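Reading through the structure tokens given below for one structure.
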Number of protein chains: 2
Amino acid sequence: MGMGRPREFDAETALDQAMEVFWRHGYEGATIAQLTEAMGINPPSLYACFGNKEGLLKAALDRYSKLRGVWMDEVVAAPTAREVAERMLLGIADKQTDPANPPGCLLVQGGIACGTGSENVPFELAARRAENEDQLRDRFIRAKAEGDLKPTSDPAALARYVSAVSVGMGVMASSGSDREALRQVASVAVQAVEAQSVGRT
Amino acid sequence: MGMGRPREFDAETALDQAMEVFWRHGYEGATIAQLTEAMGINPPSLYACFGNKEGLLKAALDRYSKLRGVWMDEVVAAPTAREVAERMLLGIADKQTDPANPPGCLLVQGGIACGTGSENVPFELAARRAENEDQLRDRFIRAKAEGDLKPTSDPAALARYVSAVSVGMGVMASSGSDREALRQVASVAVQAVEAQSVGRT
DNA sequence: CCACATCTGTAGTGAACACTACATATCTGG
DNA sequence: CCAGATATGTAGTGTTCACTACAGATGTGG
């Protein structure tokens with residue numbers, strides 16, 4: 001038995017284009033017509049490869065999380081909790097205003113509130129954000145064990161805090177805030193982590 | 001000339017119901033059928049009273065901003081910048097997890113990313129958020145003039161920061177974070193404002 | 001070269017959407 | 001009580017949506 005006609009497009013390249021459309025218009029705001037045009041394929045190819053619109057979103061999120069994960073590994077490699085927060089938030093300020101991508105963060109722009117039939121999309125995004133938060137929390141737990149964070153500090157709360165600031169910055173970026181404004185927010189935000197650090201300079 | 005048949009529903013009560021639908025499903029996710037059912041009226045009444053779907057959203061936002069403005073006045077009445085931030089963020093933690101309302105904040109849930117034809121909705125929401133930020137900024141400018149905030153502090157950046165944290169908390173609330181989690185975020189966030197304060201205890 | 005499997009493009013499908021025409025009902029001013 | 005004006009309920013309108021049937025194209029294994 002034969003193996004059939006080979007696909008004429010590259011799935012990852014197409015996913016990058018789809019990611020951009022979801023990023024810019026959100027899950028519900030993105031139409032199949034926009035997606036297929038950006039991906040350079042026709043609807044049947046999309047459905048054969050990704051199942052349906054939600055399957056395409058999940059594939060795009062997988063790709064986004066993968067790239068993001070590499071960067072997060074560099075972030076948590078910083079020597080102190082304060083520097084982790086600084087690297088993360090200042091880095092996010094730059095990433096979310098990078099003209100190479102739509103403004104903001106796909107994990108926020110993708111869909112915060114959705115209509116009937118797409119209720120699980122916001123939870124899907126939240127689950128991805130939670131992964132980042134978990135990674136931060138683990139890093140802050142280590143920082144506390146190393147005596148870098150105060151014995152009274154709450155690593156989970158700190159991680160939630162940094163995650164919340166990231167999300168807030170993403171919304172600001174998508175509604176027009178420029179890089180300098182986001183960097184200012186990041187700088188102020190880092191001071192809360194610094195206040196929980198032991199050897200503050 | 002007569003004045004016509006009087007309307008049989010109360011516009012403000014109907015707006016409250018519409019507000020809840022937009023809050024829960026977002027602008028694009030909310031359908032006219034859901035809105036009219038929640039408001040207890042039929043489509044022609046909705047269109048006669050509010051023009052179109054976007055007009056209804058703006059009316060709901062006006063109402064939301066009005067209620068919110070009353071509360072913000074109480075917030076900025078706190079004696080110090082630190083207490084302003086604390087009142088604001090802890091209050092938001094409670095409000096965004098109040099079971100009487102959908103979780104989160106209408107100014108975020110309403111629509112962060114929208115599809116073609118609704119591009120201005122996110123900007124409309126951003127403009128409302130900016131009003132709160134301006135109010136905070138003015139309060140922090142005063143705090144700096146009063147010697148409550150350090151001479152090196154940047155009131156505008158502080159206001160942006162508090163606003164960003166609020167938004168981030170709203171997203172967290174809408175994706176299932178409970179009140180305690182939000183309060184922890186608020187507590188950490190306040191420490192950044194405290195770090196900019198003069199008489200820190 | 002043939003049977004088979006998979007992809008691709010065209011051209012739709014039914015459903016859901018925002019919005020409205022129209023007839024009827026209920027008010028005010030004279 | 002009548003004329004004008006506005007609201008209401010029924011029942012649609014055209015459009016757009018996610019998704020797909022189908023026929024032809026292009027590959028592999030025998």
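In what follows, every chain begins at residue 1, and chains take the letters A, B, ... in the order their sequences are listed. Model, not experiment: these values are computed from the prediction.
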Between [N] atom [atom2] and [X] atom [atom1], what is the distance in whole Å?
X       : N      : atom1 : atom2 : value
A:Met3  : C:dC2  : CE    : P     : 23 Å
A:Leu46 : D:dC17 : CG    : P     : 15 Å
B:Met39 : D:dT8  : CE    : C1'   : 14 Å
B:Asp10 : D:dT8  : CG    : P     : 12 Å
A:Ile41 : C:dT10 : CD1   : P     : 14 Å
A:Asn42 : D:dG24 : CG    : C1'   : 14 Å
A:Gln34 : D:dT16 : CD    : C1'   : 12 Å
A:Lys53 : C:dA15 : NZ    : P     : 19 Å

**OP:** Using a cut-off of 6.0 Å, state whether more than 12 heavy atoms not belonging to B:Glu37 lie near its atom CD.
**Re:**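 12 or below, so no.
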**OP:** Name the nucleic acid region contacted by B:Pro6, choosing base, sugar-phosphate or nothing; use a 4.0 angstrom heavy-atom cut-off, strictly under.
**Re:**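 Sugar-phosphate, no base atom in range.
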**OP:** Report yes if a side-chain nitrogen or oxygen of A:Tyr47 is closer than 4.0 Å to either non-bridging phosphate oxygen (OP1 or OP2) of D:dT20; otherwise report no.
**Re:**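 Result: no.
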Original post:
Do any side-chain nitrogens or oxygens of B:Ser45 fall under 4.0 Å of OP1 or OP2 in D:dT8?
Top reply: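 So the side-chain polar atoms of B:Ser45 do come within 4.0 Å of the phosphate oxygens OP1 or OP2 of D:dT8, strictly under.
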**OP:** Quick one: do B:Arg128 and B:Asp62 satisfy salt bridge (charged side-chain N to carboxylate O under 4.0 Å, His left out)? Show the steps, please.
**Re:** CA-CA 9 Å; B:Arg128 312 279 177 154; B:Asp62 283 340; 2.7 Å; yes
Subject >> Closest-nucleotide ordering on DNA chain C, the 5'-leading residue of B:Glu54 and B:Glu8 >> reply: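 The residue mapped nearer the 5' terminus is B:Glu54.
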**OP:** Determine, stepwise, if the pair A:Glu146 / A:Thr80 fulfils side chain to side chain donor-acceptor pair (under 3.5 Å).
**Re:** CA-CA 9 Å; A:Glu146 289 173 345; A:Thr80 66; over 6 Å; no
Subject >> Whichever of B:Phe9 and B:Gly4 has its nearest DNA chain D nucleotide further upstream toward 5' >> reply: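 Closer to the 5' end of DNA chain D: B:Gly4.
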Subject >> CA sep, side-chain torsions, deciding dist, call: B:Glu86, B:Arg82, salt bridge (charged side-chain N to carboxylate O under 4.0 Å, His left out) >> reply: CA-CA 6 Å; B:Glu86 190 171 41; B:Arg82 196 202 91 100; 2.9 Å; yes
Consider the side chain of [X], meaning its heavy atoms from C-beta on, and name the nucleotide among [options] that approaches it most closely.
X       : options                : answer
B:Arg5  : D:dC19, D:dA7, D:dC17  : D:dA7
A:Ile32 : D:dA18, C:dC17, D:dT8  : D:dA18
B:Pro43 : D:dA21, C:dA21, C:dC19 : C:dC19
A:Pro44 : D:dA18, D:dC19, C:dT10 : C:dT10

**OP:** Using the six-membered ring of B:Phe9, assess whether NZ or CZ of B:Arg7 lies under 6.0 Å from its centre and within 45 degrees of the ring axis.
**Re:**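 Satisfied, under 6.0 Å and within 45°.
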